[in-house]
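A short worksheet on the structure shown next.
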Amino acid sequence: MNDQKAGQIKDKESFFEELFRYNQEIMLLIDPDTLKIEDCNRSACLFYGKPYNEMVMTKISHFNCLSEDQLKKEVEQAKNRERNQFYFKHRRGNGEISDVEVCSSPISLDGRNYLFSIVADITGLQLDSDVLRKENTVLEKRVAERTYALKELNDQLITAKAELEREMLFIKALFESIPGYLYVYDEAGRLIKWNKKHEEMTGYSADELANMTLDQWFEGDDLVRVWAAVDDVFKKGYGEIDANLIKKGGGKLLIRSNGVVMTLDGKNYFTGVGIDITESKRLETELAKESKLLETTLVSVGDGVISCDKNGHVLFINRVAEDLTGWTKNDALGKPIETVFNIINDINREKAGNIVAEVIQTKEIRELDNHTILIARDGSERAIEDSAAPIIEDNGDVLGVVLVFRDYTEKKQKLDQIEYLSYHDQLTGLYNRRFYEEELERMDTSKNLPLSLIMGDVNGLKLVNDSFGHGMGDELLKKAAATIKKACRADDVVARLGGDEFVVLLPKTDSVEAEEIITRIEKLAKTEKVGTVELSISFGFETKLDQEEDIQRVFKRAEDYMYRRKLTESLGMRNKTVGMVVETLFDKYQKEMFHSERVSKLSAEVGAKIGLSTKDSHDLQTAGLMHDIGKIGIAEGILDKSEKLSEQDWIEIRRHPEIGYRILSPANEFAEIADHILEHHERWDGSGYPNGLKGEEISLEARIIAIADAYDAMTRMRLHMDDLTVEEAIEEINRCSGTQFDPEIVRVFIDMIEDEN
């Protein structure tokens, strides 16, 4: 019985010996104290290019590019189980240097301590991007799983040798601990050995798995590829394939299977491990989609994007960057970044610094300086704004730089416009109050003495606005601004303070020169008109001679001087403007002129009948002539409208008494009749407009004009119906006596009309 057990143990030792000796993985058994290779498999001899007898006489430091002292530190970590995964550079037999990944675990054999190391050649792997690092994580996980499986396998092999009586438990633990299904097929393709994971993953029981054949697990193209892979395994000793494995019930499982040929007692066996890669494939697909999405995003993003390596050579350029630089992707790739991204300073026209080199050096995000111009391949220029960010590895090394930039031309123009508007008056184009105040503070120094200030105020602006509308008022202000600007010198600062006020700052200018400038402005203003309105500006000035004098006091004296002049100059201007308003109204609407003349005559006759004084009669006659002066401010097209007026039209027309009042009240000559104009549409019963005055609250002159206006309108001014006869008009006025009209004035008026007829 002992002989039989010893034979079984010997068979199993042979099995694991073969599994170690002919495994596709590079396997080494190393003395951690001497660094000597105590044993290795055939794959190690092939990789390092030495026969077995030389390998077992060589230290691992002979192959490792680290110094022996450095290597001992790494070995110590593996020996103490502090680390089990390392990355080295190993010399091969032909002198080449290969990047390798080494998984090392401490083991004990026959009372001695060793390091069992599995070496993987990773030369050529690229880890320089987030996407590849994610993919590498998946690969590392798979390698770790395989390494873990082999480690468990090796641990159980050591345990079997050390504790022969527990051999069967060791084998079972080995099979069940592999993170995938383990299989062994004989030469006839029958499954003869498997682990519990095989049952769990496929859904078959142990009895059902016994003697299942390889071709039962796959179908179609998968089966063809699997058989081809098996042939490769028997030819090359190792193979790997991804395929859809058929589970019990017909479901499929995407697996990755690696297989090797194992020879025992002259018989060949096909063995290996299969793992479920459904999730990893899903992740790979998602990563591929994300990578494609990232590339598509960079290609289609609205900003220009250029990436370059740490040497400043272009690696990527999107469509927007192609358009902005004039370089196509094919032409740009590999070119120095400063060739493709050619930038200069807009102010001094000097070539801008190499922002890529700065980012690589500082490892910080940088933005372009203001006033940066990109010169395209065809020589065209455009303002841009830009930022550059480093691409940094986990170890802190800079792999390259990403430039993101956009056309700044339109934005720059808008910012320039905003800056201009912040210091300029939008209507006249002159400097505004903000600029004036800042400039006054800057100029208020001894080197600018004597410093003179001229204040100007446009006369009659409100009257023009009320009479002809704000459009003409704006034209008057623009004309005033242009006139002042034209008469001043290049270094003088001309600003509009607001409304109708202007100021001129005159550095190094005494009072004599300031008066000469005012004279020039006034001379030019006399030749300027806006429509029929003459340009009139009242000026005042003051000069600062002493640096200690408060500049605001100087400004106040100039302003006071201007207002004193304006008191006299603006009166004549207002009176003259009123005359122009009347002339303009009558030129535009001749019918209104004849109507106003008749109302004036009728009103004067009534005034004479009731015994008004000569002055009052004259004022009444003038008020009758000007009673509709406010119609100059009525919207175009209403007064001569051929069709029936709408309610909105009437609302507009009813504004004319107030407009007339605003025109006449500021003019000294006409101020006394302004109230009569305002009230001539009020009614005796209080239902009139604009203020709803009642009875004798309404001025006598307004009550007379109201009757004369209504009578002439009924007999001469009806637009959409026949005029009334004198008799019909008298009857209508008599009907409205006591409601619309003053009864006493009605009696006098009717008597007067009947006497005339």
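These numbers come from a predicted model, not from an experiment.
Note: His676 NE2 to Leu620 CG = 7.5 Å, rounded to the nearest 0.5 Å. Note: Arg382 CZ to Ile375 CD1 = 11.5 Å, rounded to the nearest 0.5 Å. Taken from CD1 in Ile384 to CG in Leu374, the straight-line distance is 4.5 Å, to the nearest 0.5 Å. How far CE of Met714 is from CG of Asp709: 9.5 Å, rounded to the nearest 0.5 Å. The line from CG of Leu625 to CD1 of Ile705 is 10.0 Å long, rounded to the nearest 0.5 Å. Rounding to the nearest 0.5 Å gives a distance of 6.5 Å between CG of Leu678 and CG of Asp675.
Around the CD1 atom of Ile365, the shell of radius 6.0 Å holds no more than 12 heavy atoms that belong to other residues, nucleotides or ligands. Around the CG atom of Asp546, the shell of radius 6.0 Å holds more than 12 heavy atoms that belong to other residues, nucleotides or ligands. Within a 6.0 Å radius of CZ in Phe541, other residues, nucleotides and ligands contribute more than 12 heavy atoms.
A donor-acceptor pair is defined here as one N or O able to donate and one able to accept, closer than 3.5 Å; such a pair exists between the side chain of Gln547 and the backbone of Ser446. Although no hydrogens or angles enter the test, the distance criterion places no donor-acceptor pair under 3.5 Å between the side chain of Glu682 and the main chain of Glu679. Distance alone, capped at 3.5 Å, is enough to place a donor-acceptor pair between the Lys544 side chain and the Glu549 backbone. Of the possible donor and acceptor atoms, none in the side chain of Thr543 sits under 3.5 Å from a partner among the backbone N and O of Ser452. In terms of modelled atom types and a separation under 3.5 Å, the side chain of Arg565 and the main chain of Phe539 share a donor-acceptor contact. Judged by distance alone, with hydrogens and angles left aside, the side-chain atoms of Asp425 form a donor-acceptor pair with the main-chain N or O of Thr428 at under 3.5 Å. In this structure a side-chain-to-backbone donor-acceptor pair under 3.5 Å is missing from Asp303 to Val404.
For the pair Ile610/Leu700, a side-chain contact is recorded, criterion being any heavy-atom separation below 4.5 Å from C-beta on. Using a 4.5 Å cut-off on side-chain heavy atoms (C-beta onward), Leu497 and Met455 make contact. In this structure, the side chains of His681 and His656 come closer than 4.5 Å at one or more pairs of heavy atoms. The shortest distance between side-chain heavy atoms of Arg496 and Leu427 falls below 4.5 Å. A heavy-atom distance below 4.5 Å is not found between the side chains of Leu602 and Val599. Contact of the Ile730 side chain with the Phe749 side chain is not registered, since no non-hydrogen atoms from C-beta on lie closer than 4.5 Å. Within the 4.5 Å cutoff, the side chain of Leu524 has no heavy atoms near those of the Leu535 side chain. Put simply, the side chain of Leu505 reaches to within 4.5 Å of the side chain of Tyr436, judged on heavy atoms.
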- Message: Set out, in order, the CA-CA distance, both residues' side-chain angles and the distance that settles side chain to side chain donor-acceptor pair (under 3.5 Å) for Asn459 and Ser538, then state yes or no.
- Response: CA-CA 7 Å; Asn459 294 319; Ser538 295; 3.0 Å; yes

- Message: Using side chain to side chain contact (heavy atoms under 4.5 Å, CB included), reason through Asp649 and Lys644 one step at a time and then give a plain yes or no.
- Response: CA-CA 9 Å; Asp649 293 336; Lys644 188 176 181 180; over 6 Å; no

- Message: One pair to check against side chain to side chain contact (heavy atoms under 4.5 Å, CB included): Ile517 and Val504. What are the steps and the verdict?
- Response: CA-CA 10 Å; Ile517 291 172; Val504 184; 5.7 Å; no

- Given the rule in the side chain to side chain contact (heavy atoms under 4.5 Å, CB included) test, do Ile750 and Asn734 qualify, once you have shown the distances and angles that lead to the verdict? CA-CA 8 Å; Ile750 291 176; Asn734 199 41; 3.8 Å; yes

- Worked check of side chain to side chain contact (heavy atoms under 4.5 Å, CB included) between Asn465 and Leu476: CA-CA 10 Å; Asn465 284 334; Leu476 191 65; over 6 Å; no

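For Gly499 against Leu477, the heavy-atom pair with the smallest separation is O-CD2, 3.6 Å. For the pair Leu451 and Asp444, the tightest heavy-atom approach, listed with the atom from each and the gap, is CD2-CA, 4.4 Å. Considering every non-hydrogen atom in both Asp492 and Pro507, the closest pair reads OD1-CD, 4.1 Å. What you find for Asn432 and Ala495 is that their closest heavy atoms are O-CB, 4.1 Å. Taking each heavy atom of Ala674 and Tyr661 in turn, the nearest pair found is O-CD1, 3.3 Å. The shortest heavy-atom contact between Met472 and Val530 is CG-CG1, 3.8 Å.
For Arg654, there are no side chain to side chain donor-acceptor pair (under 3.5 Å) partners two or more places apart in sequence or in a different chain. Contacts of Lys462 classified as side chain to side chain donor-acceptor pair (under 3.5 Å), with partners at least two apart in sequence or in another chain: Asp466. For Gln648, the side-chain contact (heavy atoms from CB on, under 4.5 Å) test picks out Ser646, Ile651, with sequence neighbours left out. Residues meeting the side chain to side chain donor-acceptor pair (under 3.5 Å) test with Asp685, sequence neighbours left out: Ser687. The side chain to side chain donor-acceptor pair (under 3.5 Å) search around Asp560 returns Lys556, not counting sequence neighbours. By the side-chain contact (heavy atoms from CB on, under 4.5 Å) test, Lys609 pairs with Val748, Met752, sequence neighbours left out. By the salt bridge (Lys or Arg N to Asp or Glu O under 4.0 Å) test, Glu732 is found to be paired with Arg735, residues two or more places apart in sequence or in another chain being considered.
A salt bridge links Glu605 to Lys601: one of the charged nitrogens lies within less than 4.0 Å of a carboxylate oxygen. Look at Glu438 and Arg434 and you find a salt bridge, because one of the NZ, NE, NH1 or NH2 atoms lies within 4.0 Å of a carboxylate O, short of that distance. A salt bridge is absent between Asp474 and Lys478; no separation between the charged side-chain nitrogens and carboxylate oxygens falls under 4.0 Å.
Residue pairs meeting the side-chain hydrogen bond (donor to acceptor under 3.5 Å, both in side chains) criterion with at least one member in residues 502-520, sequence neighbours excluded, are Arg489-Thr509. Judged as a ring pair (Phe, Tyr, Trp, His ring centres under 6.0 Å), not a single pair has a partner in residues 439-458 (not counting sequence neighbours). Listed by first and then second residue, the ring pair (Phe, Tyr, Trp, His ring centres under 6.0 Å) pairs involving residues 598-637 are His595-His627, His627-His680 (not counting sequence neighbours). Listed by first and then second residue, the salt bridge (Lys or Arg N to Asp or Glu O under 4.0 Å) pairs involving residues 741-752 are Arg703-Asp742, Glu744-Arg747, Arg747-Asp751 (not counting sequence neighbours).
Checked by atom type, the side-chain pair Glu528/Thr483 shows no donor-acceptor distance below 3.5 Å.
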List the atom pairs, with distances to 0.1 Å, where a side-chain N or O of residues 688-697 and a protein N or O form a donor-acceptor pair under 3.5 Å, not counting sequence neighbours.
| from | atom 1 | to | atom 2 | distance (Å) |
| --- | --- | --- | --- | --- |
| Glu697 | OE1 | Lys694 | N | 2.9 |

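Using cut-offs of 30° and 60° on the angle between ring planes, the pair Phe435 and Tyr423 is perpendicular.
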